[in-house]
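Here's the structure, in structure tokens; my notes come after.
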There are 2 protein chains.
Amino acid sequence: MNKRSATESKSKIINAAIKVFSENGYKGTSMRMIASTASISVGGLYLYFANKEDLYLTLIKEAYDELTRKVTNARNEAGSSSEALSLFISHYINTARKNRELILIQGREHKFAFGMDIKRKFFRDQKNIIEGIIQQGITSGEFSGCNVKETSKIIFCVLRGFILSLIVEPDALFSPEECSNLILNGLLKGKQK
Amino acid sequence: MNKRSATESKSKIINAAIKVFSENGYKGTSMRMIASTASISVGGLYLYFANKEDLYLTLIKEAYDELTRKVTNARNEAGSSSEALSLFISHYINTARKNRELILIQGREHKFAFGMDIKRKFFRDQKNIIEGIIQQGITSGEFSGCNVKETSKIIFCVLRGFILSLIVEPDALFSPEECSNLILNGLLKGKQK
DNA sequence: TCTGTAGCTGAACGTTTGTTCATGTGAACT
DNA sequence: AGTTCACATGAACAAACGTTCAGCTACAGA
């Protein structure tokens, strides 16, 4: 193994790319900016990534995989449906907060279609999980009957709005508990508090 | 007045700019793209706008003003607080839908700070309106006591998520009625349906 | 018909972009 | 000490960028 380590250089590049892409978006980021942030030469970038697009896609792919992995676990940890939903929401919000830098990238996209297949899959997965939780809650009599698809869209939009706030207006962020509380009291058959 | 009308050319440019900026973002849009979409020469753009930034800011300023104008009206039209909130939500969602192209632009921003003062003012205004409605509902005994600031943040995030959906995933959109229903049943003291 | 001028053009300029490649460097082997 | 080769460099290239400006066109009023 060389002292000038390849893996070390690659991770230096990845970290620099996250930072620079997050701050300037795809089009707003030049390979030279990434190179200088990583303290490496322009040409050096091309030793590890085929081109700018390859480097970018590597980043957002990893970001989504991580978020998905953590959030899907929430489902198995809960007893009741309300607890499942609350856990889902708090997992989602907390991981989003923690991975803020990675998520910032998606707010600065250069084209609609770019990496869209990765995102669509992610969105579909998330919405399916929410739908599953609501459906089960209705079946078990815990939630009042409602339009499952429509309701899960709304819940998903709250979370999506949270993500957008993360990007544009950090002081608009709310707590997971308050969020679950508002949503659940609209879902639960018997009013409680 | 010349047959080669200045006002007509200017509006041709604005329409073209909305279209091209929406599809490609700020950095992704070149003055040549706007010019050719507007069927005008590159140089012609600079007869009406000082530079690229000036042209862009003109667009988003108008977009926000329009949305604000329409939404603020909702407040005066309602009798009860629940009706006020429902009206606010449906006005917001419907105007957002109608002005989709204009709003798309904000999803493709090139830098955080760019035009951010305009946006922040808009966000503050919107949240104040929601807070006002909730506060009034609590005072009148229509809504159950809750953390006003936190709750209005969540409601605002639903709408913000709706906007983001408008950009990235049009089939994730929900109806204003269903949204009001979910939120209100969490707010109303007595459960109803 | 001629003239003044508002409206418009597109070649040209200086930068910056993504990418390439001939060249250099240094740790790990014999 | 010599050889090797993974790792690294940055000048160079073509393409695209925002912006300028000398010159054109077409209309209004004389």
Side-chain angles (χ1 to χ4, degrees), chain A residues 1-61 105 108-115, chain B residues 1-61 105 108-115:
Chain A
M1 171 78 98
N2 221 324
K3 211 176 198 175
R4 297 188 294 173
S5 149
T7 58
E8 193 185 319
S9 291
K10 185 163 183 174
S11 85
K12 268 204 305 181
I13 294 173
I14 288 182
N15 288 333
I18 288 173
K19 183 165 157 42
V20 184
F21 273 130
S22 300
E23 285 168 0
N24 307 284
Y26 183 84
K27 282 271 184 180
T29 297
S30 73
M31 295 300 262
R32 282 164 185 80
M33 290 162 74
I34 297 175
S36 85
T37 303
S39 304
I40 216 170
S41 65
V42 218
L45 299 179
Y46 291 86
L47 293 173
Y48 303 99
F49 300 94
N51 49 40
K52 190 183 178 185
E53 179 169 329
D54 179 39
L55 173 50
Y56 177 82
L57 280 180
T58 301
L59 298 184
I60 71 161
K61 179 84 172 56
I105 298 175
R108 350 223 87 267
E109 205 63 46
H110 72 300
K111 247 198 169 180
F112 281 175
F114 203 66
Chain B
M1 171 80 97
N2 222 325
K3 211 175 199 178
R4 296 190 294 175
S5 148
T7 58
E8 192 186 319
S9 291
K10 186 163 183 175
S11 85
K12 268 205 304 181
I13 294 173
I14 288 182
N15 288 333
I18 289 173
K19 182 164 159 43
V20 184
F21 274 130
S22 300
E23 286 168 0
N24 307 284
Y26 183 84
K27 281 269 184 182
T29 296
S30 72
M31 294 301 262
R32 283 166 183 79
M33 289 163 74
I34 297 175
S36 84
T37 303
S39 305
I40 216 171
S41 66
V42 218
L45 298 179
Y46 291 86
L47 294 174
Y48 303 99
F49 300 94
N51 48 40
K52 190 183 177 186
E53 180 170 328
D54 179 39
L55 173 51
Y56 177 82
L57 281 180
T58 301
L59 297 184
I60 71 161
K61 179 86 171 57
I105 298 175
R108 351 223 86 264
E109 206 62 44
H110 73 301
K111 246 196 171 181
F112 281 176
F114 202 66

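The sequence lines fix the lettering, A, B, ..., with proteins before strands; numbering per chain opens at 1.
- Rounded to a whole Å, the CD atom of Glu8(B) is 12 Å from the P atom of dC27(D).
- Going from atom NZ of Lys10(B) over to atom C1' of dA6(C) covers 15 Å, rounded to whole Å.
- Ser36(B) meets the side-chain contact (heavy atoms from CB on, under 4.5 Å) test with no other residue; sequence neighbours excluded.
- Taking the centre and axis of the six-membered ring of Tyr46(B), the NZ or CZ atom of Lys52(B) falls outside the cone set by 45° and 6.0 Å.
- With rounding to the nearest 0.5 angstrom, the OG atom of Ser11(A) is 10.0 Å from the OH atom of Tyr48(A).
- Residue Thr29(B) is classed as a sugar-phosphate contact, given heavy-atom separations below 4.0 Å to backbone atoms only.
- What separates CD1 of Ile34(A) from C1' of dG10(D) is a distance of 17 Å, to the nearest Å.
- Side-chain N/O atoms of Ser9(A) include one lying less than 4.0 angstrom from OP1 or OP2 on dA8(D).
- Rounded to an integer number of Å, the gap from Leu47(B) CG to dT20(D) P is 12 Å.
- Rounded to whole Å, atom C1' of dG18(D) lies 11 Å from atom CG of Leu45(B).
- Taking atom CD1 on Ile40(B) and atom C1' on dC24(D), their separation rounds to 15 Å, with Å as the unit.
- Formation of a donor-acceptor pair under 3.5 Å by the Lys27(A) side chain with backbone atoms of Thr29(B) is not found in this model.
- If you take CG of Asn24(B) and C1' of dA16(D), they are 14 Å apart, rounded to a whole angstrom.
- Val42(B) places none of its side-chain heavy atoms less than 4.5 Å from the side chain of Ile34(B).
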Dump every N/O contact between nucleotides 19-23 of chain C and the protein below 3.5 Å, one line per pair.
residue : atom : partner  : partner atom : Å
dT19(C) : OP2  : Tyr46(A) : OH           : 2.9
dT19(C) : OP2  : Lys52(A) : N            : 3.0
dT19(C) : O5'  : Tyr46(A) : OH           : 3.4
dT19(C) : O4   : Arg32(A) : NH2          : 3.4

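- Using cut-offs of 30° and 60° on the angle between ring planes, the pair Tyr26(A) and Phe21(A) is parallel.
- Per the geometry, OH belonging to Tyr56(B) stands 14 Å off P belonging to dG18(D), to the nearest Å.
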